[in-house]
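So the structure is just underneath, and the comments pick up after that.
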Amino acid sequence: LKSIGIAGFYATVSITITFFNRAVFYSYKFNFPNIVSALQMMFSLSFLILFGKIFHQIQLPALSWENFNRQSLHSFFFLTNVPTGLAALRYLNIPMFSTLRRI
């Protein structure tokens, strides 16, 4: 039951953030996807750290060169995928964006 709740929460957040980003780019004519991406990443990291300290449910690994080397390639692809996706969201409608993102 907990897994279903987590999956539902993830789906809700994913859909909500897509609509939020589209509203920022389309309705408010904000044409800086890298700023939106950076702010969302800082908010997410702050939330994870705060949530981990308050509820002790999340344990982040210690910062070390070994962890950095192990995660650097994954981080590189993530940090190129997110701004690229946000830039694409400026030009596509939400159903097309969601379809292309799932391919």
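One-based numbering along the sequence shown. Not measured: the values here are computed from a predicted model.
- Distance check: Leu79 CG to Thr84 OG1 gives 10.5 Å after rounding to the nearest 0.5 Å.
- Hydrophobic clustering places Phe30 together with Leu92 (ILVMFWY residues linked when any side-chain heavy atoms are closer than 4.5 Å, directly or through intermediates).
- Residue Leu89 is not grouped with residue Ile17 when hydrophobic side chains (ILVMFWY) are merged at heavy-atom distances under 4.5 angstrom, including chains of intermediate members.
- No chain of hydrophobic side-chain contacts below 4.5 Å, direct or via other Ile, Leu, Val, Met, Phe, Trp or Tyr residues, connects Ile6 to Val13.
- With values rounded to the nearest 0.5 angstrom, Phe51 atom CZ is found 13.5 Å from Ser44 atom OG.
- Looking only at distances, no side-chain donor or acceptor of Arg22 sits under 3.5 Å from a matching main-chain atom of Ile94.
- With values rounded to the nearest 0.5 angstrom, Asn21 atom CG is found 8.0 Å from Phe97 atom CZ.
- Between the CD atom in Gln71 and the CD atom in Glu66 there is a gap of 10.5 Å [rounded to 0.5 Å].
- Under a 3.5 Å cut-off, the side chain of Ser27 and the backbone N or O of Val24 do not form any donor-acceptor pair.
- Side-chain contact check for Ser37 versus Pro83: some heavy-atom pair is nearer than 4.5 Å.
- Tyr26 and Val36 are assigned to two separate hydrophobic clusters, defined by single-linkage of ILVMFWY side chains at heavy-atom distances under 4.5 Å.
- Ile4 CD1: 12 or fewer foreign heavy atoms inside a 6.0 Å radius.
- Shown here is Lys53, whose NZ atom has no more than 12 heavy atoms of other residues, nucleotides or ligands within 6.0 Å.
- In this structure a side-chain-to-backbone donor-acceptor pair under 3.5 Å is missing from Ser98 to Pro95.
- Side chain of Asn69 to backbone of Trp65: a donor-acceptor contact under 3.5 angstrom is found.
- The local environment of CE in Met96 is sparse, with at most 12 non-hydrogen atoms from other residues, nucleotides or ligands closer than 6.0 Å.
- Considering only heavy atoms from C-beta on, Gln40 comes within 4.5 Å of Phe20 through its side chain.
- Considering only heavy atoms from C-beta on, Val82 comes within 4.5 Å of Met41 through its side chain.
- For Leu39, the CG atom sits in a packed shell: over 12 heavy atoms of surrounding residues, nucleotides or ligands are nearer than 6.0 Å.
- No path of Ile, Leu, Val, Met, Phe, Trp and Tyr side chains, each step under 4.5 Å between heavy atoms, connects Phe19 with Tyr10, placing them in separate hydrophobic clusters.
- Rounding to the nearest 0.5 Å places CZ of Phe43 at 9.5 Å from CG of Leu50.
- Side-chain N or O atoms of Asn67 include none that pairs as donor or acceptor with a backbone N or O of Pro61 at under 3.5 Å.
- The aromatic rings of Phe78 and His74 lie parallel to each other, with less than 30° between the two planes, well short of the 60° mark.
- Open room surrounds CZ on Phe32; 12 or fewer heavy atoms of other groups in view lie less than 6.0 Å from it.
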